[in-house]
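First comes the structure, then the notes that go with it.
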Amino acid sequence: DPGRAADHLERYLFSFLKTNTSMTTYYYLIHKARLHVLRSEECLAEGNSEGAIAYLRKAIVLRPGSVDLVVDTMEVLVDAGRVEGAEELFEALESRYRSALKLVPNSANEHNNLAWLFARSDRKLDEALELASKAVELSPKEHKYLDTLAEVNFRLENREKAVEVAKEGLKIAPDDEHLKAQLKRFEREGTKE
């Protein structure tokens, strides 16, 4: 129940207001954005797409660089018939990461983030492959970058390569539950998320 989960999270956030807390502003913003996502899910369950969009926009203000949050919001906007709003969000985040890459052209993280945006939104997959490959080249021991490369290959219907790359990631991070789930998905030729 997203409403109850949001209520609990909201109560938890009050602990951040204590002067003796060890929580940083960064973690507060992450949790506050999550609260808005839960409230948006509550609105969607009630059939209130406008309310859901309003909450998701608040979450994006707090975490503008979160690819997953932006893509999830884009999906809600499209479902609500607000395609132009979804396009604006995509273009804004793409522009943000392209600007970052101009400033720091050898940033594996920025290459990965832009590739993840393209993969999650199922767009510009050929460029996503180049970006993800570059991220892995720059930082070959980062399992999250291998995860992105595997996802891009999967979306390009290179299932065998996706499996191979996911297995490489699991060699580096054998306990990563996300990678384990991804590998299972790739192996069973499941659908794109």
Side-chain angles (χ1 to χ4, degrees), residues 24-27 29-34 36-37 56 59-78 86-187 189-193:
T24 63
T25 304
Y26 173 76
Y27 289 109
L29 294 176
I30 289 173
H31 290 308
K32 188 71 172 180
R34 179 70 185 132
H36 292 318
V37 170
L56 288 169
I60 289 171
V61 166
L62 296 173
R63 300 205 54 216
S66 172
V67 171
D68 292 326
L69 178 59
V70 169
V71 173
D72 291 346
T73 303
M74 288 169 53
E75 291 169 359
V76 171
L77 287 167
V78 169
E87 288 302 312
E88 287 174 23
L89 283 176
F90 176 85
E91 290 168 7
L93 192 55
E94 178 185 14
S95 176
R96 181 179 192 268
Y97 284 126
R98 288 198 188 279
S99 294
L101 275 171
K102 285 181 184 174
L103 290 172
V104 191
N106 287 323
S107 169
N109 193 53
E110 301 305 330
H111 280 86
N112 181 72
N113 287 340
L114 188 54
W116 187 246
L117 173 64
F118 293 160
R120 277 291 321 273
S121 58
D122 223 9
R123 301 173 187 216
K124 303 181 182 186
L125 294 176
D126 290 332
E127 184 178 358
L129 183 61
E130 292 174 23
L131 290 161
S133 297
K134 182 68 174 177
V136 170
E137 176 188 321
L138 291 167
S139 189
K141 297 295 181 192
E142 179 54 63
H143 68 282
K144 292 178 183 178
Y145 302 162
L146 289 164
D147 174 47
T148 299
L149 182 58
E151 181 68 31
V152 171
N153 274 290
F154 181 73
R155 288 178 183 256
L156 285 167
E157 299 181 9
N158 300 331
R159 188 183 69 81
E160 290 176 12
K161 184 67 175 176
V163 168
E164 175 188 324
V165 173
K167 286 179 179 178
E168 286 179 44
L170 280 168
K171 287 178 187 173
I172 296 167
D175 297 326
D176 188 290
E177 293 302 322
H178 172 75
L179 272 175
K180 289 177 185 177
Q182 288 286 78
L183 179 59
K184 285 180 186 175
R185 184 173 137 242
F186 302 152
E187 287 178 331
E189 297 185 53
T191 58
K192 300 171 190 170
E193 288 184 339

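All values reported here derive from a predicted model rather than from experimental measurement.
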Going by an N to O cut-off under 4.0 Å, is there a salt bridge joining [X] and [Y]?
X      : Y      : result
Arg155 : Glu151 : yes
Arg123 : Glu94  : no
Lys171 : Glu168 : no

Query raised in the report: How far apart are the C-alpha atoms of Leu138 and Lys134, what are their side-chain angles, what is the distance that settles it, and do they pass the side chain to side chain contact (heavy atoms under 4.5 Å, CB included) test?
Result: CA-CA 6 Å; Leu138 291 167; Lys134 182 68 174 177; 4.0 Å; yes
Taking atom [atom1] of [X] and atom [atom2] of [Y], what is their separation to the nearest 0.5 Å?
X      : Y      : atom1 : atom2 : value
Leu183 : Asp176 : CG    : CG    : 11.5 Å
Met74  : Leu117 : CE    : CG    : 7.0 Å
Leu131 : Asp126 : CG    : CG    : 11.0 Å
Glu142 : Asp147 : CD    : CG    : 10.0 Å
Leu114 : Lys124 : CG    : NZ    : 8.0 Å
Leu179 : Leu146 : CG    : CG    : 8.0 Å

Requested in this report: Report the C-alpha separation of Lys161 and Glu164 in whole Å, then their side-chain angles, then the decisive distance to 0.1 Å, and conclude whether the salt bridge (charged side-chain N to carboxylate O under 4.0 Å, His left out) test is met.
Outcome: CA-CA 5 Å; Lys161 184 67 175 176; Glu164 175 188 324; 3.3 Å; yes
Just wondering, do [Y] and [X] contact through their side chains at under 4.5 Å, heavy atoms?
X      : Y      : value
Arg185 : Phe154 : yes
Arg120 : Glu75  : yes
Lys32  : His36  : yes
Tyr145 : Asn109 : yes
Glu187 : Lys167 : yes

Side chain of [X], backbone of [Y]: donor and acceptor closer than 3.5 Å?
X      : Y      : value
Ser139 : Ala135 : no
Ser95  : Glu91  : no
Asn153 : Leu149 : yes

Query raised in the report: Between Trp116 and Asp68, do the side chains contain an N or O donor and an N or O acceptor separated by less than 3.5 Å?
Result: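 Result is yes, a qualifying pair exists.
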Of all heavy-atom pairs between [X] and [Y], which one has the smallest distance, and what is that distance?
X      : Y      : value
Ala132 : Thr148 : CB-CG2, 4.1 Å
Val78  : Ala86  : CG2-CB, 3.8 Å
Lys141 : Ile172 : O-CG2, 3.3 Å
Ala162 : Phe186 : O-CD1, 3.7 Å
Glu110 : Ala100 : OE1-CB, 3.6 Å

Query - Trace of the side chain to side chain contact (heavy atoms under 4.5 Å, CB included) decision for Leu69 with Val37 - result: CA-CA 8 Å; Leu69 178 59; Val37 170; 3.4 Å; yes
Requested in this report: Check the pair Leu93, Arg96 against side chain to side chain contact (heavy atoms under 4.5 Å, CB included), reporting the backbone distance first and the verdict last.
Outcome: CA-CA 5 Å; Leu93 192 55; Arg96 181 179 192 268; 4.0 Å; yes
